[in-house]
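Since the structure comes first, as structure tokens, the remarks are kept for the end.
In the text below, chain A, chain B and the rest are named by the order of the sequence lines, each starting its count at 1. All values derive from a computational prediction rather than experimental measurement.
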Amino acid sequence: MGIADDFRNEVEIATRNALAESGSEVDFIIEVPSVGDADLAVPCFNLAKTMRKSPKDIAEKLAGMIRPSGSISAVSSMNGYVNFSIDRGVLVTETLNEILAKGDGYGRLPPTGVRVNVEHTSTNPTGPIHVGRARNPIIGDTLARCLKMCGNEVVTEYYVNDVGKQVVILTWGVENIPKGSVEEEERDKTDHKLVAYYRKANKMMEEDPAVAEQISDMLRRFEAGDQEVIGSVRHTAQIMLEGLKESLANINVALDRYTWESDFIADGSAASVVSRMKRTDYAGQTEDGSWYVDLAEFGVNGKNTKFTFTRSDGTTLYTTRDIAYHMSKFSRSDRVIDVLGEDQKLGSQQLTYALRILGCVMEPEPMFYAFVSLPEGKMSTRKGVVVYLDDLIDEAVERAYEEIRSRRDDMSEERMRETARVIGVGAIRYNVVRVQPEKQFVFTWKEALNFDGNSGPYLQYVHARACSMLRKAGDFERDADPSKLTDEYEIKLVKVLSKFSSVIAEAGNQKRVHVLPAYGHEVASAFNQFYAAVPVLSSGASANARLTLVECSKIVLRNVLECLGMGAPEEM
RNA sequence: GGACGGGUGGCCUAGUCAGGAUAUGGCAGCAGCCUCCUAAGCUGCAGGCCGAGGGUUCGAAUCCCUCCCCGUUCGCCA
């Protein structure tokens with residue numbers, strides 16, 4: 001692939017040959033040294049036992065046997081490690097030429113032909129997206145982008161829960177609460193307008209038994225297949241969803257497909273799941289008449305190992321319909337990924353076993369994230385203890401606007417607004433995705449609006465900086481001559497650029513999206529150090545080569561930003 | 001109570017899967033750096049019993065055991 005992989009392969013072959021020559025074919029690992037200037041190292045400690053020599057001796061012997069060749073420029077030993085250095089000339093030429101040749105495609109892995117379905121967001125259409133839930137679309141969308149870069153055919157999908165009590169409550173509220181009697185939110189967006197009815201309906205249901213009865217009745221009619229109720233609930237969900245889509249679009253998230261939960265009831269596939277489940281050896285029925293499968297032998301723990309898939313009246317449950325949904329996804333995908341909140345862990349596990357019982361060979365790959373809370377505690381849409389994503393976006397964009405205005409007097413108002421949006425949204429996405437998903441996350445405005453250091457704007461700033469230099473340079477002749485790029489900062493930058501495709505592979509295929517912002521920061525930081533230490537435009541004979549390095553950095557950064565769903569501003 | 005996940009300088013965080021050399025980066029703090037390509041930047045300083053204790057190993061933030069703290073979950077809810 002790239003020079004980084006070539007170098008690693010050469011190190012592996014050279015080491016294996018040297019070991020074979022000395023009569024010991026033992027396994028060894030190759031790692032990136034945590035200390036010193038070498039680029040790769042082979043620790044010899046685990047070889048010591050089988051070879052019956054000290055690690056230090058082994059390392060010295062191996063280092064003496066391996067001759068630098070190809071992309072390996074030097075081999076040495078220290079403290080029981082064999083250290084390998086990459087040939088700088090090869091590194092510079094290969095890396096820069098590959099980036100220039102591939103451009104937007106630099107970092108992209110060869111096509112796999114694998115169809116990957118990524119379900120994400122899927123929040124209940126009962127209220128606006130709050131910053132707790134926002135982790136889902138941001139992680140999901142970033143993962144989907146990375147999987148595409150990994151050469152897969154990716155479809156993103158939102159499962160719309162237009163079935164069940166929550167949406168019925170909302171619909172009851174919208175249909176029965178007079179317009180003037182709720183405090184409508186100021187924001188002119190359907191999700192914000194409707195959530196007021198949802199809150200009020202919940203409150204009324206708790207306080208007034210008559211209302212509770214009306215809602216129960218509506219729910220019964222819904223379950224019984226009353227087309228009027230089903231239709232109006234779906235209609236309400238649709239309206240709500242328009243608002244949610246707008247919020248998602250504002251953070252550069254657009255899903256390929258929306259699948260409605262009620263469709264699995266309407267088309268009979270949920271009922272088909274029920275009849276198939278009933279025929280399995282795991283199925284049973286309680287005295288009341290509800291059906292379950294016993295998952296005890298699958299290692300499901302807890303007080304109750306029974307997984308119920310119909311109510312006593314025969315109607316289906318959320319998870320039953322989710323089984324039908326997953327079978328639908330299996331029929332059109334090779335890999336199915338679900339981005340879920342950690343509260344779904346048990347449900348996801350039950351789903352997996354139920355699918356297995358039904359004979360499915362494919363299994364969903366869940367990806368869980370921990371909840372985001374506020375310093376004062378958990379968020380709750382119903383109680384109104386929330387920070388909405390829309391408010392966060394506004395706040396971040398406003399803050400970015402102030403920053404731009406304070407340092408630029410030559411930009412048009414429109415341009416400043418436009419750029420502020422790119423920066424504000426970038427800051428939000430970066431801030432969310434930089435943290436490992438399973439880590440608990442306490443939302444603070446200070447962190448969310450951080451534009452310095454390890455932040456989205458830091459990467460964008462470097463992109464803008466590189467663009468500015470290239471603008472000033474005008475036309476120049478590209479030059480990847482390694483004899484003109486010998487400064488330590490230049491070499492370090494090139495090394496970082498050469499790693500991109502391996503980072504993409506990890507972020508996508510291993511579903512470790514948080515490595516991507518870390519990498520972006522590494523690129524930007526290496527660039528800033530280079531920028532501070534090495535003159536470019538005024539560097540005479542080296543100028544073209546340095547400008548080439550600037551251009552390559554810009555390309556890599558833009559590709560990283562693209563994978564992160566962040567804009568790459570040309571000035572800021 | 002069981003299951004699952006998290007615990008790394010004042011705060012946030014990487015590294016844990018595949019044990020290795022001096023634990024990553026940032027924020028906040030202190031001290032420097034714009035007559036020079038965007039200072040949303042760069043350089044330096046200071047700050048750590050990697051939750052606690054035991055074990056395995058030549059070697060443990062990383063593996064094993066026990067315990068503590070935080071989160072999630074254990075519905076004929078979604």
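Residue A/R465 has a polar side-chain atom (N or O) positioned under 4.0 Å from OP1 or OP2 of B/rA39. Phosphate proximity of B/rG15 to A/H514: present, with a side-chain N or O under 4.0 Å from OP1 or OP2.
Under the Watson-Crick and G-U wobble criteria, each requiring two contacts below 3.5 Å, nucleotide B/rC36 is left unpaired. Nucleotide B/rA52 is matched to B/rU66 when pairs are restricted to Watson-Crick or G-U wobble geometry with both distances under 3.5 angstrom.
Taking only side-chain atoms of A/E342, from C-beta outward, the nucleotide of B/rU72, B/rG41, B/rC76 with the closest atom is B/rU72. When distances are taken from the side chain of A/S290 to each of B/rC76, B/rU13, B/rA78, the shortest belongs to B/rC76. Comparing B/rA21, B/rG5, B/rC27 by their nearest atom to the side chain of A/K345 picks out B/rG5. With B/rA21, B/rC37, B/rG26 as the candidates, the nucleotide lying closest to the side chain of A/M469 is B/rC37. Closest to the side chain of A/Y318, out of B/rC27, B/rA78, B/rU72, is B/rA78.
Residue-level contact check: A/F451 touches the bases, meaning some heavy atom is under 4.0 Å from a base atom. Residue contacts shown for A/I404 include a base, since a base heavy atom lies under 4.0 Å away.
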Which atom pairs, donor and acceptor, lie under 3.5 Å between side-chain atoms of residues 27-48 of chain A and protein residues at least two apart or in another chain?
{"residue": "A/D39", "atom": "OD1", "partner": "A/K495", "partner atom": "NZ", "Å": "2.6"}
{"residue": "A/D39", "atom": "OD2", "partner": "A/I86", "partner atom": "N", "Å": "2.7"}

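Evaluation of atom-type donor-acceptor distances gives a pair under 3.5 Å for the side chain of A/Q440 against the base of B/rG5. Applying the 3.5 Å distance criterion, the base of B/rA78 shares no donor-acceptor pair with the side chain of A/D162. Side-chain atoms of A/S312 come within donor-acceptor range of the base of B/rC76, with a qualifying N/O pair under 3.5 Å. Remark: the A/D288 side chain and the B/rC76 base include a donor-acceptor N/O pair separated by less than 3.5 Å.
Mapping A/F371 and A/Q166 onto RNA chain B by nearest heavy atom places A/F371 closer to the 5' end of the strand.
Under a cutoff of 6.0 Å and an axis angle of 45°, A/R399 and A/F451 form a cation-pi pair. Figure legend: cation-pi geometry between A/R417 and A/Y401, with NZ or CZ positioned under 6.0 Å from the six-membered ring centre and within 45° of its axis.
Two rings, from A/F264 and A/Y325, have their centers less than 6.0 Å apart.
Base orientation of B/rC27: anti, since the glycosidic angle falls outside 90° of 0.
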